[in-house]
Amino acid sequence: MSTTAETYKAYINGEFVDSGSGKTFPTYDPGNGQVIGHLPECDEEDVDRAVRAALAAFPAWRKRSGSARGKLLLKLAQLVEANAGKLAELESRNAGKPISASKKIDAVTAIDALEYFAGMANKIQGETIPVPGPYINMTLREPLGVIAGIIPWNYPLLQAIWKISPAIAAGNTVVIKPAEQACLSVMYLARLVAEAGIPPGVVNVVPGFGETTGAALVDHHMVAKVMFTGSTSTGKIIAGAAAKTLKPVGLELGGKTAVVVYEDAPIDQAADVAAMAIFTNQGQNCTAGSRLFLHQSVHDKVLEKVIAAAKKQKLGYQMDPATTLGPVVSAEQKKMIDGYVASGKAEAKVAYEGQAPSDASCAGGHYVPVTVFDAVQNSMKIAREEIFGPVLSVLTFKDEAEALALANDSPYGLAATVITRDIGKALRAVQAFEAGNVWVNTWGAVSSMAPYGGYKSSGYGREMGFAVMREVTQEKNVWLNLR
Ligand code: NAI
Ligand code: MG
């Protein structure tokens with residue numbers, strides 16, 4: 001397999017090119033460890049070429065009408081739709097996502113985002129302000145220039161589109177640095193960008209490693225802003241590095257989502273939501289519901305059903321349509337998750353532990369069985385740190401005040417869920433949660449139309465909705481003297 005693996009090219013200034021050094025690095029199928037592609041390892045010079053191409057393309061791109069930019073985004077949406085099967089296959093094969101999920105979620109959400117921002121492109125406008133005196137005061141919303149999008153491996157296609165579509169809709173140009181672990185869908189997307197007729201330089205894709213390719217992009221003085229999704233530790237490094245050139249950054253970072261189940265909650269719904277929150281994408285979600293807070297009166301019943309749901313998960317090769325839990329993205333991630341499971345075993349009680357797959361198709365893959373820990377204390381390592389795997393911590397509480405205090409007792413603040421039929425309890429939780437995204441009686445809902453982002457160590461800035469338009473534009477205030 002490794003000998004037939006395709007060699008991909010970077011996408012710079014509308015051309016598919018090798019890295020200047022000619023260096024490549026392999027990318028794998030995490031389900032069996034086989035090499036499935038080779039990627040150009042872009043260095044500082046490649047990044048410089050991409051940034052300069054993006055800057056050269058900027059004046060003409062921003063000058064186009066919003067409608068004209070929107071039309072090209074719509075064309076890209078159509079091409080993503082026409083190639084959804086291929087994109088889903090690449091996404092699953094490279095990132096380990098179950099193929100059933102890639103087909104249903106990733107491509108569909110990506111198309112939705114492209115269409116939404118295509119429609120937004122001619123609705124970006126300023127305002128007039130009734131200042132006193134003989135003046136008209138108005139604001140202009142202008143693009144920033146070159147935006148760097150640095151993205152993770154858990155939703156490569158979606159993340160690329162969430163960075164590209166609002167930025168170019170607003171008249172910016174972009175350079176995308178996909179994650180080294182999984183980016184084949186993004187490399188394929190670059191071909192569709194070219195096919196859509198989006199002008200050379202407007203979108204560039206430079207694969208490579210974080211500390212080199214990513215850092216070169218953050219340091220580059222011609223990059224106007226960095227939009228990053230990934231770990232909190234890398235977010236801090238990027239914000240620090242960007243300060244040297246005074247670049248604004250948008251950071252969508254890690255999380256430790258609390259799922260709070262009150263005593264009146266419908267048991268089946270609570271268990272379904274809790275299971276979905278931790279098992280989706282093998283728990284490799286920034287919003288993964290990794291802390292399940294159960295009222296002591298419903299603890300046993302909900303836990304029993306969550307375990308039943310865990311037992312129903314089919315851990316296996318991600319291209320098998322029956323698989324619900326695929327491998328995690330890399331041996332490194334598996335090792336990290338295994339470390340947390342060992343730490344949980346030393347501190348808490350194992351309520352359920354799944355089994356590694358024995359199927360021959362899974363040999364050489366990075367499979368992590370489900371673990372459900374009970375009797376977890378919020379101070380334990382497994383309750384404080386982002387695990388990014390199918391590892392659930394179950395905690396109990398006796399009343400509302402305790403539940404909300406525990407839910408908020410976390411460095412993270414990306415998301416929180418409450419499950420109850422009591423409107424007062426629901427709304428008090430909505431108000432109290434220190435989190436950028438709050439779900440009532442569900443988990444994980446996202447839409448291109450709704451702002452998405454974190455509180456506390458989960459980052460700052462917002463993606464999607466009109467909110468992201470404020471992130472990818474700057475406001476100019478203008479005074480007109482009427483005398
Ligand atoms: P990471 O945050 O280091 O990587 C994300 C992206 O940042 C990748 O494209 C990477 O190449 C780039 N990057 C890394 N260091 C950089 C630097 N110094 N300058 C510029 N770019 C840089 O995440 P990693 O190491 O892959 O995963 C480690 C942990 O991070 C996971 O176990 C998980 O807890 C968390 N994570 C959270 C994500 C989220 O969606 N919130 C996504 C991915 C990882
Ligand atoms: Mg890292």
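Just follow the structure's listing: the first ligand is 1, and inside any ligand the first atom is 1. Keep in mind that what you see is a predicted model, and the values were worked out from it rather than measured.
- Each of Ser100, Ser102, Ser185 was scored for a side chain to side chain donor-acceptor pair (under 3.5 Å) with Ser92, with one residue passing: Ser102.
- Across all non-hydrogen atoms, the minimal contact from Ala182 to Pro156 is O-CG, 3.6 Å.
- For ligand 1, one of its N or O atoms has an N or O atom of Gly210 under 3.5 Å away.
- Salt-bridge formation is detected for the pair Asp46/Arg49: a Lys NZ or Arg NE/NH1/NH2 atom is positioned less than 4.0 Å from an Asp or Glu carboxylate oxygen.
- Against a heavy-atom cut-off of under 4.0 Å, Gly254 is close to the following atoms of ligand 1: 41 (N).
- At a threshold of 4.0 Å, the pair Asp409-Lys256 does not count as salt-bridged, since none of the basic side-chain nitrogens sits closer than that to a carboxylate oxygen.
- At the top of the distance list for atom 23 (O) of ligand 1, counting protein heavy atoms only, stands Ser231 OG, 3.9 Å.
- For Phe397 and Phe293, the ring centers are positioned 6.0 Å apart or more.
- Looking at atom 27 (O) of ligand 1, its nearest protein heavy atom turns out to be Gln333 OE1, 3.6 Å.
- Within a 6.0 Å radius of CE in Met222, more than 12 heavy atoms belonging to other residues, nucleotides or ligands are found.
- Atoms of ligand 1 lying under 4.0 Å from any heavy atom of Ile238, numbered from 1 in the order shown and given with element: 19 (N), 20 (C), 21 (N).
- No N or O atom of Gly208 sits closer than 3.5 Å to an N or O atom of ligand 1.
- Nearest non-hydrogen protein atom to atom 18 (N) of ligand 1 is Ile237 CG2, 3.8 Å.
- Assignment of Tyr155 to the shell around ligand 1 is not supported, since no heavy atom sits closer than 4.0 Å.
- Among all non-hydrogen protein atoms, the one lying nearest atom 35 (C) of ligand 1 is Glu386 OE1, 3.4 Å.
- At a cut-off of 3.5 Å, with distance as the only test, no side-chain donor of Tyr452 or Asn437 sits close to an acceptor on the other residue.
- In this structure, Trp153 and Phe388 have perpendicular ring planes: the angle between them is above 60°, well past the 30° mark.
- In terms of protein heavy-atom proximity, atom 39 (C) of ligand 1 is nearest to Cys286 CB, 3.5 Å.
- Lys9 and Glu15 are not joined by a salt bridge, as no carboxylate oxygen comes within less than 4.0 angstrom of a charged side-chain nitrogen.
- For Glu332, the closest heavy-atom approach to ligand 1 does not fall below 4.0 Å.
- When non-hydrogen atoms are compared, ligand 1 lies under 4.0 Å from neither the backbone nor the side chain of Gln284.
- Near Ala215, meaning under 4.0 Å from one of its heavy atoms, ligand 1 places the atoms 19 (N), 20 (C).
- In this structure, the ring of Tyr352 has its center no less than 6.0 angstrom from the ring center of Phe373.
- If you check the side chains of Asp219 and Thr245, you find no donor sitting under 3.5 Å from an acceptor.
- Checking atom 25 (O) of ligand 1 against the protein gives no heavy-atom contact under 4.0 Å.
- Looking at atom 3 (O) of ligand 1, its nearest protein heavy atom turns out to be Thr234 OG1, 2.8 Å.
- Within the 4.0 Å cut-off (strictly below), a protein heavy atom is located near atom 30 (O) of ligand 1.
- Between Ile151 and ligand 1, an N or O atom pair is found at a separation short of 3.5 Å.
- Under a cutoff of 6.0 Å and an axis angle of 45°, Lys97 and Tyr155 form a cation-pi pair.
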(Q) Please determine whether side-chain hydrogen bond (donor to acceptor under 3.5 Å, both in side chains) holds for the pair Asn154 and Gln282, giving the CA-CA distance in whole Å, both sets of side-chain angles, and the decisive distance to 0.1 Å. (A) CA-CA 10 Å; Asn154 52 344; Gln282 297 80 248; over 6 Å; no

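- Of the candidates Phe209, Phe388, Phe228, the one placing a heavy atom closest to atom 37 (C) of ligand 1 is Phe388.
- Ligand 1 has no N or O atom lying under 3.5 Å from any N or O atom of Glu252, backbone or side chain.
- When heavy-atom distances to ligand 1 are checked against a 4.0 Å cut-off, Thr213 has no atom that comes that close, whether in backbone or side chain.
- Among protein heavy atoms, the minimum distance from atom 43 (C) of ligand 1 is reached at Pro152 CB, 3.5 Å.
- When each atom of ligand 1 is checked for a heavy atom of Leu253 under 4.0 Å away, the hits are 41 (N).
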